[in-house]
K.L.:
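Attaching a single structure in structure tokens format; questions to follow.
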Amino acid sequence: MSDAIGILTSGGDAPGMNAALRAMTKLAASRGVPVIGVENGFTGLLEGRLRPLTHTGPSGELGVDGQVDLLGAVGGTILGSAREPRFMTAQGRAPAVEVLAGLRGLVVVGGNGSLSGAHALAEASGTPVVGVPASIDHDVGCTGTSIGVDTALNTIVSSCDRICDTARAHHRAFVVEVMGRDCGYLAMAAAAAMGAEAVLFREQGRDEAQLVEAVETAIRRAFSERGKRRVLILKSEGVRTPCTRLVRLVAERLGDLRDVDVRATVLGHLVRGGAPSFRDRMVAGRLGIAAVDAVLEGRTDTMVAWAPLVPGGTPTSDPQVFAFPLADVLEHSRALIDGSSPITRRRVAMMSAIEGVLGL
Ligand code: F6P
């Protein structure tokens, strides 16, 4: 068995994954523990695609690969990422369990799919496996934030500022779609920050007719009653009606309002890239440090969480970071997504309470 810790990044990349990698590699090296990067997420683990991120110097001391030092400001993930279907079954995961047996421990940085993979690996192996939440969607249970959420929101807000500049110039309404397959948090938080006229997200449970009506009402109020020059509507990707269809259906009902032009913009992957914000670098660094500590203490099947919104968790040496069993994290994630979590219910209630206020 090697005494190295393996690190992999998996699922949708998130700004700050590299900052976590930098922190973990430096901390482990400072403790005399070598670090191995696993390329392309669980795919690389299955195929044994490993690359050292530390090296031994002439006098035996551990050094950090030169590239690692540059990583704080770099978006994406230098290790590469993947969504690996073979990881869905125990048989498919078996080669990864063998590779894992050659490591001192593994840190998995990613969202719910990746953390499910980490949980399955931990159950199948005696080697410590620790998760670090990273996903722009903010749909990971037990953690107050995940690496990437803050940068994604900053990107959405600055993109919407630009869209609003041109919208005001032309007296237009824009429906802006943002990522969030299972969770509308990005749309909700950005709508609040932008003072948007309306926000549409899956958890509201609106059918297509209700969506069209909500957008039409917001546009009529803003232009006819309030004399606004722009209308901004945030739509989450999880709302199945495509942006372009929604805009067409709304435009058909606004025939009586001359000079009103409704447009659609899908921000898509733009929101997932870019240099991480200060907050994402800071959160990534501190979660990374807690994850390496957890591996070195021999803890497994656990995730380090930032300022958790749920009670419990095991304290770490960082007052803002707590560790939760991965099984609990995945259960909380499911509840966040299916709407049974009190956190989701509070978010929906809060958005419905402020929607009318934001558009004033
Ligand atoms: O990382 C999560 C996420 O950004 C979701 O919001 C989105 O639906 C998905 O990834 C897109 O993933 P991909 O780039 O694999 O299509």
Side-chain angles (χ1 to χ4, degrees), residues 15 75 136-138 149-180 184-202 204 206 208-239 241-275 277-279 347 350-360:
I136 64 166
D137 291 359
H138 199 9
V149 175
D150 186 65
T151 309
L153 280 171
N154 281 306
T155 305
I156 293 171
V157 164
S158 68
S159 305
C160 287
D161 280 343
R162 287 159 194 241
I163 288 169
C164 287
D165 287 345
T166 173
R168 273 190 209 96
H170 291 272
H171 204 246
R172 280 178 177 153
F174 273 83
V175 179
V176 177
E177 180 179 299
V178 295
M179 272 191 171
Y185 180 81
L186 291 179
M188 295 182 222
M194 288 301 302
E197 274 65 29
V199 54
L200 313 172
F201 51 96
R202 184 189 54 83
Q204 288 166 322
R206 287 172 170 158
E208 188 171 271
Q210 291 169 320
L211 293 168
V212 171
E213 196 190 322
V215 177
E216 183 192 352
T217 306
I219 293 175
R220 284 190 186 279
R221 275 209 190 116
F223 285 147
S224 307
E225 296 170 23
R226 294 176 181 149
K228 292 204 173 191
R229 289 203 58 88
R230 74 94 165 109
V231 175
L232 176 69
I233 290 149
L234 263 300
K235 171 188 174 296
S236 180
E237 174 194 357
V239 171
T241 303
C243 231
T244 43
R245 177 174 166 81
L246 188 58
V247 161
R248 183 167 51 74
L249 294 174
V250 170
E252 281 168 12
R253 293 169 58 143
L254 289 173
D256 58 309
L257 288 189
R258 283 195 308 113
D259 300 335
V260 170
D261 194 2
V262 192
R263 300 291 181 100
T265 301
V266 177
L267 295 182
H269 289 81
L270 180 90
V271 167
R272 224 162 65 182
S277 63
F278 155 73
R279 184 174 155 85
R347 280 181 191 160
M350 210 173 107
M351 289 318 294
S352 111
I354 65 168
E355 204 174 8
V357 180
L358 289 175
L360 283 177

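Along the sequence shown, residues are numbered consecutively beginning with 1. Below, all heavy atoms of this structure are taken into account, side chains as well, without hydrogens, waters or symmetry copies.
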K.L.:
Please list, chain by chain and in numerical order, all residues satisfying ring-ring contact (aromatic ring centres under 6.0 Å, His included) with H171, sequence neighbours excluded.
P.N.:
F223
K.L.:
Does the side chain of V212 come within less than 4.5 Å of R253's, by heavy atoms?
P.N.:
yes
K.L.:
Can you confirm whether K228 sits close enough to R168 that some side-chain heavy atom of one is under 4.5 Å from a side-chain heavy atom of the other?
P.N.:
no
K.L.:
Once rounded to the nearest 0.5 Å, what's the spacing between atom CG of L267 and atom CD of E237?
P.N.:
11.5 Å
K.L.:
I need the minimum non-hydrogen distance between T241 and K235, along with the two atoms involved.
P.N.:
O-CE, 2.8 Å
K.L.:
Between E197 and R230 (salt bridge meaning N to carboxylate O under 4.0 Å), is one present in this structure?
P.N.:
yes
K.L.:
What's the separation between atom CD in E208 and atom CG in L249, rounded to the nearest 0.5 Å?
P.N.:
5.5 Å
K.L.:
Please report the shortest heavy-atom distance between V157 and M194, naming the atom on each side.
P.N.:
O-SD, 3.7 Å
K.L.:
Could you tell me which non-hydrogen atom of T217 sits nearest to which non-hydrogen atom of E213, and how far apart they are?
P.N.:
OG1-O, 2.7 Å
K.L.:
Test V176 against S159 for side chain to side chain contact (heavy atoms under 4.5 Å, CB included), laying out the working first.
P.N.:
CA-CA 10 Å; V176 177; S159 305; over 6 Å; no
K.L.:
Can you tell me how far apart CG (D150) and CZ (F278) are? Round to the nearest 0.5 Å.
P.N.:
9.5 Å
K.L.:
Which atom pair, heavy atoms only, marks the closest approach of A192 to I354?
P.N.:
CB-CD1, 4.2 Å
K.L.:
Not counting sequence neighbours, which residues clear side chain to side chain contact (heavy atoms under 4.5 Å, CB included) with T151? List them please.
P.N.:
P15, T155, P276, S277, D280
K.L.:
Quick one: list whatever passes side chain to side chain contact (heavy atoms under 4.5 Å, CB included) with R206, sequence neighbours left out.
P.N.:
L200, Q204, Q210, L211, A214, E355
K.L.:
To the nearest 0.5 angstrom, please state how far the CD1 atom of I219 sits from the CG atom of L254.
P.N.:
5.5 Å
K.L.:
Kindly compute the distance separating CE (M188) from CE (M351), expressed to the nearest 0.5 Å.
P.N.:
7.0 Å
K.L.:
Say you draw a straight line from CZ of R220 to CG of L257; how long is it, rounded to the nearest 0.5 Å?
P.N.:
4.5 Å
K.L.:
For the residue pair V247 and V262, what are the closest heavy atoms and their distance?
P.N.:
CG1-O, 3.3 Å
K.L.:
Which heavy-atom pair separates L153 from A190 by the least distance, and what is that distance?
P.N.:
CD2-N, 4.0 Å
